[in-house]
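For reference, the structure discussed in these notes is given below.
Letters go in sequence order (proteins before strands), and every chain restarts at 1. All figures in this text were calculated on a predicted structure; none of them were measured in a lab. Basis for what follows: all heavy atoms, side chains included, without hydrogens, waters or symmetry-related copies.
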Number of protein chains: 2
Amino acid sequence: MTDESTSTYIVAQPILVAVDNVIFGFDGEEEKLKVLLFKRKVEPFAGQWSLVGSFVQPNESAVVAASRILTEFTGLESVFLEQLHCYSSVDRDPGDRVISIAYYSLIQLETYRKKLVEEHEAAWFELHEIPDLVIDHKQMVADALVKLQDNARRRPVGFNLLPPKFTLPQLFKLYQEIYQKEIDDRNFRKKILATDLLEKLDTKDKTTSKKGAFHYQFNKTKYQQLETDGYDILFH
Amino acid sequence: MTDESTSTYIVAQPILVAVDNVIFGFDGEEEKLKVLLFKRKVEPFAGQWSLVGSFVQPNESAVVAASRILTEFTGLESVFLEQLHCYSSVDRDPGDRVISIAYYSLIQLETYRKKLVEEHEAAWFELHEIPDLVIDHKQMVADALVKLQDNARRRPVGFNLLPPKFTLPQLFKLYQEIYQKEIDDRNFRKKILATDLLEKLDTKDKTTSKKGAFHYQFNKTKYQQLETDGYDILFH
DNA sequence: TCAAAAGTGTTGGGATTACACCCATGG
DNA sequence: CCATGGGTGTAATCCCAACACTTTTGA
């Protein structure tokens, strides 16, 4: 299949195909949405900040490639991963003609493997502290955020960013981070609880207040249903 | 740039990159939304129905390639054209490893060059009469329709499918075609007129009724504003 | 006792759905 | 004059944004 001499398509010229992954994580301590970046290893632009990425191998699809590098950098498997856009300007990469299929994923920062990230000289950056990135990666991050916002309105994606047990104040702050604005907390609770997605537990998280905030978890059945059926909530 | 011997990326293996275009047109006579298909010229699958597509050339981006084949088949330039998704399964094309970046475009059926279409053995198919298509093209059409529906709710895309002067009954039927369902016509008028997008002319189209339906055209200023700002209308 | 965060309800206004009849015209 | 499609209005409902105070508890 990948031996060019056997190709049916004589006249076509192959192109290098990469994937880049905008990995979002929610830092529960700092209550900030962050993006994983690393220092690029290869020329051109070696040493500069970049999204994590890889060339697509002959025996893998783009989503498998994106998943592979996600695992490589975080140790995580089977997390939220969705295609964003394919970037294909002729001159985007001065090293060669390379198109890049961008993905974005949502992970729980608490569960990623810190060691892997350090080995790769990677780091988490807040949205408004993202440094200059190679090629069109800054555009990819911007596009990913828009898509995340759009998605968070229609489907329970936000929960991919939180640990299994979380509190409503945490969830609330996460959504404020996603939308990069202040949200009315009373209306937020109403709307989120109205989805029937949350199950209140009788334990509390007392790390952030004396009163303590109740833990919640998802109703898995409802979660899967809403993941496909969707809803439509605008947060103000 | 495209000479492999000069590539910085020694280890990467290039892949064939194609674009496929889901071209939608609204047939004003039959009041049907249609998709342009043609009989594939090359093996494998020569002679079978396919979306129009092409390999991406070394000197063009994917969107340029998609635009090029659109012009080739319809004679049209600078019409609505938007990226849909990149399909990259390893075995999707038995001829070779080929990934395809799918686009979709919206054109006015009345203005396309009929001759070009005939020369290419292409034809317009209603949505529910689409034959078996090669590879994953049927999936592309399905995905394109979903994206079109989503887009029509948020932006004035529907107007790309109509001639400069059109009537409200035409627009109404177009939206019913896009959503593949019946819509309340009184509420439809209210919602569409509320956008401030339409300018009523004092001429009438009498081809479909004795009373005649008033022509409308867009307010270009408002159109451009809403194209970027967007709105959010659900049609019931 | 008080500071700090968690939690809770109501109401007025605007938007939306559902719904049925009159109008204009050419044949 | 009538058949055909074009055009219009309203009432009841629902939804939602806006808004401020009480609770809990550890220090």
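Shown here for A/Leu161 and A/Phe26, the closest heavy-atom pair between the two residues is O-CB, 3.7 Å. Listed here is the closest heavy atom pair of A/Phe159 and A/Leu198: CE2-CD2, 3.9 Å. Across all non-hydrogen atoms, the minimal contact from A/Leu133 to A/His137 is CB-CB, 3.8 Å.
Atoms CG and OG, from B/Asn160 and B/Ser105 in turn, are 10.0 Å apart once rounded to the nearest 0.5 Å. B/Ile233 contributes atom CD1, which lies 7.0 Å from atom OH of B/Tyr175 (distance to the nearest 0.5 angstrom).
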Table please: side-chain donor-acceptor pairs of residues 166-174 of chain A below 3.5 Å, with sequence neighbours left out.
from, atom 1, to, atom 2, distance (Å)
A/Thr167, OG1, A/Gln170, N, 3.2
A/Gln170, OE1, A/Thr167, N, 3.0
A/Lys173, NZ, A/Glu31, OE2, 3.2

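In this structure, A/Phe125 and A/Trp49 have perpendicular ring planes: the angle between them is above 60°, well past the 30° mark. Between B/Tyr179 and B/Phe235, the angle of the ring planes lies from 30° to 60°, which puts this pair in the tilted group.
Looking at A/Glu30 and A/Glu126, their side chains come closer than 4.5 Å, going by heavy atoms from C-beta outward.
Heavy atoms of other residues, nucleotides or ligands lying less than 6.0 angstrom from NZ of A/Lys165 number 12 at most. Within a 6.0 Å radius of CD in B/Glu129, other residues, nucleotides and ligands contribute more than 12 heavy atoms.
Following rounding to the nearest Å, A/Ile233 (CD1) and D/dA17 (P) show an atom-to-atom distance of 11 Å.
Nucleic acid contact class of B/Thr208 (heavy atoms, under 4.0 Å, all strands): sugar-phosphate only.
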* Evaluate salt bridge (Lys or Arg N to Asp or Glu O under 4.0 Å) for B/Arg155 paired with B/Glu82, printing each intermediate quantity in order. => CA-CA 13 Å; B/Arg155 296 195 325 214; B/Glu82 197 173 280; 3.1 Å; yes
I'd like a table of atom pairs between the protein and nucleotides 23-27 of chain D - only N or O on both sides, under 3.5 Å - with the distance next to each one.
from, atom 1, to, atom 2, distance (Å)
D/dT23, O2, A/Lys211, NZ, 2.9
D/dG26, OP1, A/Lys206, NZ, 3.3

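Recorded end-axis angle for the helix from C/dT1-D/dA27 to C/dG27-D/dC1 stands at 10°, based on five pairs per end and rounded to 10 degrees.
The list of salt bridge (Lys or Arg N to Asp or Glu O under 4.0 Å) pairs with a residue in residues 205-232 of chain B, not counting sequence neighbours, reads A/Arg153-B/Asp232, B/Arg153-B/Asp232.
In 5' to 3' order, the nucleotides of DNA chain C bounding all contacts with chain A (an atom under 4.0 Å from a heavy atom) are C/dA5 to C/dT10.
Listed by residue number, A/Asp184, A/Arg186, A/Asn187, A/Lys190, A/Lys191 are the residues of residues 171-196 of chain A with a heavy-atom contact under 4.0 Å to DNA chain D.
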